[in-house]
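Heads up, the thing below is written out as structure tokens.
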Amino acid sequence: MADIIQLLPDNIANQIAAGEVIQRPASAVKELLENAVDAGATEIKLIITDAGKNLLQVIDNGKGMSETDARMAFERHATSKISAIEDLFRIKTMGFRGEALASIAAVAQVELKTRRNEDELGTYIEIENSVVLKQEPCAYPIGTSISMKNLFFSVPARRNFLKSNAAEMRHIIDEFIRVAMAFPHIFFSLTSNGQQVFHLEAGNLKQRIVQILGNGYSAKLVSVKEEMDYMNVYGFVGKPETAKKTRGDQYFFVNNRFIKSSYLNHAINTAFNEMIARDSFPSYVLFIDLDPSVVDINVHPTKQEIKFEDEKIVYAFVQAAVKHALAQFSIAPSLDFTLNADIQSLDAISKPFTNNEQDNAASSNLFKTFTLRNQAHAIEPTNKNELKSWKEFFSPSQESINKEQAASGDDFFEYEKPFQSLVNSNQQLETHTSSYTIQHCLQLHNTYIIAATQNGFVLVHQQLAHERILYEKYSVAAHGTQMATQKSMFPVSLELVPRDAALLQEILPELQMIGYLIEPFGNNTFVIQGTPADVLQGNEKHSLELLIEQFKHFSSDIKFSKREKLVRCMARQQAIKSGQPLQQQEMMALVEEIFTCNTPNVTPTGSPTYVEFKEDYLDRMFQRL
Ligand code: ADP
Ligand code: MG
């Protein structure tokens with residue numbers, strides 16, 4: 001029998017190796033931008049079409065390459081950045097593995113143009129499947145341009161694994177931001193399908209943060225700067241009011257390399273301690289510089305973890321630096337610790353309540369849904385199909401029951417519903433209020449509603465209960481027919497930071513299902529043409545911004561579909577908040593509504609929505625039984 005082992009041809013070996021480095025267009029963005037930074041460029045432009053699936057080009061004004069180097073650069077393990085293993089411990093460049101260009105050339109069609117200052121003519125190279133197709137001298141300004149076309153054209157299986165353009169674009173923007181944030185003295189731009197998404201003039205770190213994260217931050221950054229022999233920490237943390245419900249605006253760099261570290265993140269969170277609500281995340285852009293010999297960056301190329309020689313020192317120092325910065329700006333004393341940030345930011349608390357506002361509140365859509373009978377069920381079943389999903393909604397599938405049970409952690413299905421007469425008539429909604437009417441409600445602390453039941457009373461949490469009501473309503477819409485849209489009389493435009501724009505683009509179809517009509521208008525701008533029937537108009541911009549914010553919070557949670565995430569976000573966002581005074585009719589409607597829900601007693605995430613006090617329990621309490 002013949003021997004069967006053979007060496008893989010170079011191009012196949014390269015293709016396999018490339019899988020480690022280039023997983024998607026965004027990986028190429030990272031590698032090419034880092035190469036440009038390493039080449040000492042002061043201007044770096046990224047141009048893409050079709051989220052990098054079609055074209056991804058980086059143009060820099062760095063030092064360029066000689067003719068031989070230009071050719072060598074595409075060999076595997078070809079690098080100018082290290083020559084001996086010890087060099088790994090004094091690395092000052094972003095790259096060092098010498099794998100990026102070889103990988104890109106293995107899985108795409110690549111064109112390189114480059115010229116050094118000392119050369120009269122530059123070099124042009126065309127390479128595909130690791131094979132050089134053309135190499136010739138060319139006229140070119142000082143610097144380098146690398147274009148990568150038709151990523152994975154020769155590996156269709158991989159190409160099929162790429163996500164939608166919107167999703168890939170979001171990854172690209174993330175990588176772009178991570179590099180651009182770390183090098184504020186370099187000009188960066190990003191052009192996508194002919195439109196400029198970022199134009200970041202060279203400046204200082206604070207300017208760069210505001211350019212990227214938005215003007216909202218300009219007056220809200222606290223400088224962090226501590227130096228010691230072992231390491232330096234510098235950068236900015238957002239004042240407590242910039243804390244988000246998402247981890248979105250958290251950037252940590254070690255020696256200018258973006259890293260993810262839940263350990264260091266914890267250090268910062270604890271430095272903020274009581275200043276922000278427990279479920280929110282501080283914003284920060286922080287840099288640690290330390291001797292390369294005490295960090296191990298030699299991890300997987302696409303991973304962002306890092307190993308420190310002494311983690312504890314780094315942790316303690318980062319925490320102390322942030323605490324010190326916050327204390328210096330004496331932010332702490334101005335906060336009222338008894339109120340959480342959500343409540344503090346409510347208009348109801350921060351602004352005086354005028355007659356005018358009172359009228360507005362009374363005429364708001366929310367109020368109407370509560371006062372007009374059956375209005376809360378905005379979609380009236382009009383045809384058989386809708387009717388069907390409507391029915392299903394009231395007799396949940398076993399699967400959804402299991403899911404909810406898992407989420408709530410208790411046996412809610414056994415739970416006795418206090419308004420028996422209401423909930424027993426699930427099938428005949430129209431008559432549900434006839435047998436028992438709530439007489440009167442009492443609001444406590446603008447948060448709780450007390451309502452007498454046939455044999456006791458319920459204590460309802462207004463925000464959590466309303467979240468459950470809306471959740472069930474939106475779920476029906478999302479799984480059946482599209483929800484009713486109210487056309488905006490005065491369409492509002494919404495300009496987002498590029499990262500959020502990419503996200504919004506990605507969820508547009510789902511938003512439409514729940515009643516939003518939004519059109520992209522180019523340049524990170526969208527026009528809101530319509531909103532779900534019960535979103536208060538005039539407020540749609542803010543609602544959407546909030547929605548995006550919350551969606552980001554969920555976006556790492558793979559257990560839910562996009563649609564489910566949105567429904568949950570919408571419900572949470574549109575729910576009346578704690579702290580909001582309610583009219584008698586509003587309270588009564590809310591209490592009625594919650595007990596017509598499938599799962600009245602918990603929110604989608606499992607918090608209780610009400611507590612019931614029964615007569616016999618009360619009697620026992622007062623030793624009457
Ligand atoms: P690494 O960055 O790890 O060295 P790469 O494959 O990314 O490996 O690049 C190989 C080499 O090509 C680099 O070491 C560098 O010398 C050269 N090179 C790559 N990109 C550029 C660029 N934009 N300008 C100048 N030289 C570059
Ligand atoms: Mg590199």
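First listed ligand is number 1; within each ligand, the first listed atom is number 1.
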- Item | Main-chain N/O of A102 paired with E75 side-chain donor or acceptor, under 3.5 Å | no
- Query: With a cut-off of under 6.0 Å to the ring centre and 45° to the axis, is R159 in cation-pi contact with F152?
  - Reply: no
- Item | Polar side-chain atom of S283 near backbone of T242 as donor-acceptor pair, under 3.5 Å | yes
- Mark up the atoms of ligand 1 that fall under 4.0 Å of a heavy atom belonging to R97, in ascending order. 3 (O)
- Note on the structure: In this structure, atom 15 (C) of ligand 1 is nearest to the protein heavy atom S80 OG, 3.5 Å
- Item | contact_flag K63 ligand 1 heavy-atom lt 4.0 Å | no
- Decide, counting backbone as well as side-chain atoms, whether N35 has an N, O or S atom less than 2.8 Å from the Mg ion (ligand 2). yes
- atom 27 (C) of ligand 1 has as its nearest protein heavy atom M65 CE, 3.4 Å
- Task: For D291 and Y230, test the side chains for any donor-to-acceptor distance below 3.5 angstrom and give the result as yes or no.
- Result: no
- At a 4.0 Å threshold, what atoms of ligand 1 neighbour a non-hydrogen atom of G64? 25 (C)
- Message: Under 3.5 Å, is there a donor on one side chain and an acceptor on the other for N232 and E227?
- Response: no
- Task: Please find out if less than 6.0 Å separates the ring center of F258 from that of F252.
- Result: no
- For ligand 1, which atoms, with element, lie under 4.0 Å from some heavy atom of A100? 6 (O), 7 (O)
- One should read off an interatomic distance between I507 CD1 and I548 CD1, to the nearest 0.5 angstrom, of 6.0 Å
- Just wondering, more than 12 heavy atoms not from K113 lying within 6.0 Å of its NZ? no
- Message: Just to confirm my output: which protein heavy-atom neighbour is closest to atom 25 (C) of ligand 1, and how far is it?
- Response: A39 CB, 3.6 Å
- Query: What atoms of ligand 1 come closer than 4.0 angstrom to any heavy atom of A73?
  - Reply: 10 (C), 12 (O)
- Task: Identify, by atom number and element, the atoms of ligand 1 in contact range of G95, meaning under 4.0 Å from any of its heavy atoms.
- Result: 2 (O), 3 (O)
- Task: Specify the protein heavy atom at minimum distance from atom 23 (N) of ligand 1: its residue, its atom name, and the distance to 0.1 Å.
- Result: D60 OD2, 2.8 Å
- Message: Ring-plane angle category for Y251 and F253, please: parallel below 30°, perpendicular beyond 60°, tilted otherwise.
- Response: parallel
- Query: Does an N or O anywhere in I146 fall below 3.5 Å from an N or O of ligand 1?
  - Reply: no
- Look at atom 4 (O) of ligand 1 and say which protein heavy atom is nearest, naming residue and atom and giving the distance to 0.1 Å. T79 OG1, 2.5 Å
- Query: What's the shortest distance from atom 8 (O) of ligand 1 to any protein heavy atom, and which residue and atom give it?
  - Reply: G98 CA, 3.1 Å
- Does atom CG of L8 have more than 12 heavy-atom neighbours, drawn from other residues, nucleotides or ligands, at distances under 6.0 Å? yes
- For atom 2 (O) of ligand 1, what is the nearest protein heavy atom, given as residue, atom name and distance? K81 NZ, 2.7 Å
- atom 10 (C) of ligand 1: the protein heavy-atom neighbour that sits closest, reported with distance to 0.1 Å: A78 O, 3.4 Å
